Amino acid sequence: MVKAVVFDLDGTIGNTLPLCIAAFREAVEPYMDRALSDGDIIATFGPSEEGTIMQLIPDHYSEGVEAYLHHYARLHDRCPTPFDGIREIIDKLRSAGLTVALVTGKGARSCEITLARYGLSEVFDTIETGSPAGQRKKQGIEAVMAAYGLNPDELIYVGDAPGDIEVCHALGVPIVAAAWAETADPEALLPLCPHRIFHSVVDFNAYIDIEILGTGITGYK
């Protein structure tokens with residue numbers, strides 16, 4: 001029986017990955033002698049934003065972090081709301097008495113910016129954010145399980161990245177691959193055998209109703 005649903009943030013709750021890339025470019029390029037491609041920036045992902053800044057401009061770390069957060073907040077109008085239907089799913093899960101958590105690779109400060117903008121600051125029972133030292137989704141999910149006394153099969157994780165699937169497989173946690181963002185790569189997700197993959201929030205919502213809450217009519221893909 002599923003007792004908790006744990007969400008990723010970027011690319012799962014909102015279409016924030018392009019925003020992250022744009023903010024990194026604005027923050028970092030003034031301290032470099034070249035332009036950065038999207039690929040250059042994405043290749044640094046894993047640690048929180050602070051870790052990315054450290055990789056790209058270690059001699060200007062403090063200024064770079066503050067510049068990133070400034071531009072991330074300034075540019076957030078590019079992604080002003082969560083994906084349609086996500087807030088309704090979260091509210092429905094909470095009303096049904098499930099634990100709803102957030103485990104993201106984002107740093108705490110940028111996470112706060114987005115949750116405040118989306119009106120989601122108070123909806124998660126617990127929030128685990130990233131680390132400048134490297135990927136810590138495994139530790140974040142483990143912290144949620146420990147805090148609520150959950151076995152691996154009593155929660156599902158919802159995330160959009162291949163690394164999310166790998167972490168969940170290592171923990172024995174069912175993983176729902178979120179492939180509804182423009183930045184999702186279903187061809188990279190499918191070979192890793194997620195528990196489910198959904199290309200729309202509508203189909204994910206139907207899955208929640210049928211498989212998690214035991215309501216609704218079959219028909220999701």
Side-chain angles (χ1 to χ4, degrees), residues 1-14 16-17 20 45-51 69 82-83 85-178 189 192 194-198 201 204-205 207-215:
M1 177 181 177
V2 173
K3 299 179 180 179
V5 178
V6 183
F7 289 87
D8 178 36
L9 205 169
D10 294 325
T12 299
I13 287 177
T16 44
L17 280 171
C20 295
F45 286 4
S48 64
E49 298 92 340
E50 293 87 351
L69 292 167
F83 289 114
I86 287 291
R87 176 60 191 258
E88 291 76 13
I89 290 171
I90 292 171
D91 289 344
K92 177 165 52 180
L93 291 167
R94 287 170 54 85
S95 295
L98 275 72
T99 296
V100 182
L102 181 72
V103 175
T104 174
K106 295 178 82 66
R109 295 171 69 188
S110 63
C111 181
E112 288 172 5
I113 290 169
T114 291
L115 294 183
R117 181 64 184 263
Y118 287 172
L120 298 176
S121 297
E122 306 299 327
V123 304
F124 295 103
D125 295 296
T126 189
I127 297 172
E128 293 284 332
T129 53
S131 167
Q135 175 66 259
R136 67 169 304 272
K137 287 243 177 121
K138 179 176 182 290
Q139 293 89 337
I141 296 171
E142 288 175 329
V144 174
M145 290 194 288
Y148 295 94
L150 299 169
N151 296 320
D153 61 353
E154 291 180 319
L155 72 156
I156 62 170
Y157 186 78
V158 187
D160 67 312
D164 297 334
I165 300 174
E166 293 167 349
V167 164
C168 287
H169 284 338
L171 292 171
V173 169
I175 168 76
V176 169
L189 300 173
L192 296 173
H195 180 68
R196 292 284 194 277
I197 184 168
F198 294 108
V201 176
F204 175 56
N205 184 39
Y207 163 80
I208 291 292
D209 284 342
I210 297 158
E211 300 289 343
I212 307 303
L213 302 180
T215 62

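Just so you know, these numbers come straight off a predicted model, no measurement behind them.
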Interatomic distance, CD@Gln139 vs OG@Ser131, rounded to 0.5 Å, equals 8.5 Å

Go through it in stages, so that I can follow the logic: the residues are Ile86 and Tyr118, the test is side chain to side chain contact (heavy atoms under 4.5 Å, CB included), and I'd like the CA-CA distance, side-chain angles, deciding distance and then a yes or no.
CA-CA 11 Å; Ile86 287 291; Tyr118 287 172; over 6 Å; no

Closest heavy-atom pair, Pro152 versus Gly172, reported as atoms and distance to 0.1 Å, is CB-O, 3.4 Å

**Prompt:** Do Val5 and Val176 come close enough that some side-chain heavy atom pair is under 4.5 Å?
**Reply:** no

Which of Asp10, Asp8, Thr129 passes side-chain hydrogen bond (donor to acceptor under 3.5 Å, both in side chains) with Lys106? Answer is Asp10

So CZ of Arg196 and CD1 of Ile175: to nearest 0.5 Å the spacing works out to 12.5 Å

Evaluate the side-chain proximity of Leu98 to Ile212: yes if any heavy-atom separation is below 4.5 Å, no if none is.
yes

(Q) Check Arg136 with Glu128, please: is the shortest side-chain N to carboxylate O separation under 4.0 Å? (A) yes

For Leu69 and Ile113 the tightest heavy-atom approach is O-CD1, 4.0 Å

To the nearest 0.5 Å, atom CD1 of Ile127 lies from atom OG of Ser121 at 7.5 Å

* Side-chain contact, heavy-atom cut-off 4.5 Å: Pro174 with Val2? -> no

Heavy-atom closest pair (Ala96 atom, Leu213 atom, distance to 0.1 Å) is CB-CD2, 3.6 Å

Query raised in the report: Would you call Pro132 and Pro47 a side-chain contact if the rule is heavy atoms closer than 4.5 Å?
Result: no

Go through Leu192 and Glu166 one step at a time and tell me if the side chain to side chain contact (heavy atoms under 4.5 Å, CB included) criterion holds. CA-CA 7 Å; Leu192 296 173; Glu166 293 167 349; 4.2 Å; yes

d(Ser110 OG, Glu50 CD) to nearest 0.5 Å is 7.0 Å

All heavy atoms of Val173 vs all of Met145, minimum pair found to be CG2-SD, 4.2 Å

message = Would you say that Asp91 contacts Arg87 through its side chain, given a criterion of any heavy-atom pair below 4.5 Å between the two side chains?
response = yes

*Side chains of Ile156 and Tyr207: closer than 4.5 Å at any heavy-atom pair?*
yes

CZ (Phe7) and CG (Leu120) are apart, to the nearest 0.5 Å, by 10.0 Å

Heavy-atom closest pair (Ala177 atom, Leu189 atom, distance to 0.1 Å) is CB-CD1, 4.1 Å

Using side chain to side chain contact (heavy atoms under 4.5 Å, CB included), reason through Phe45 and Leu17 one step at a time and then give a plain yes or no. CA-CA 11 Å; Phe45 286 4; Leu17 280 171; 4.1 Å; yes

Tightest non-hydrogen contact, residues Thr12 and Gly159, listed as OG1-CA, 3.6 Å

- Kindly say whether Val100 contributes a backbone atom to a donor-acceptor pair with the side chain of Asp125 at under 3.5 angstrom? yes

Checking Ile165, Leu171, Asp164 against Val167 for side chain to side chain contact (heavy atoms under 4.5 Å, CB included), the one that qualifies is Leu171

- prompt: Is Tyr157 close to Val144 at the side-chain level, that is, under 4.5 Å between some pair of heavy atoms?
  reply: no

Residues at least two apart in sequence or cross-chain that pass side-chain hydrogen bond (donor to acceptor under 3.5 Å, both in side chains) with Asn205, listed by chain then number, are Lys92

Less than 4.5 Å apart, any side-chain heavy atom of Leu115 and any of Leu102?
-> yes

Rounding to 0.5 Å, atoms CD1 (Ile208) and CZ (Phe198) come to a distance of 8.0 Å

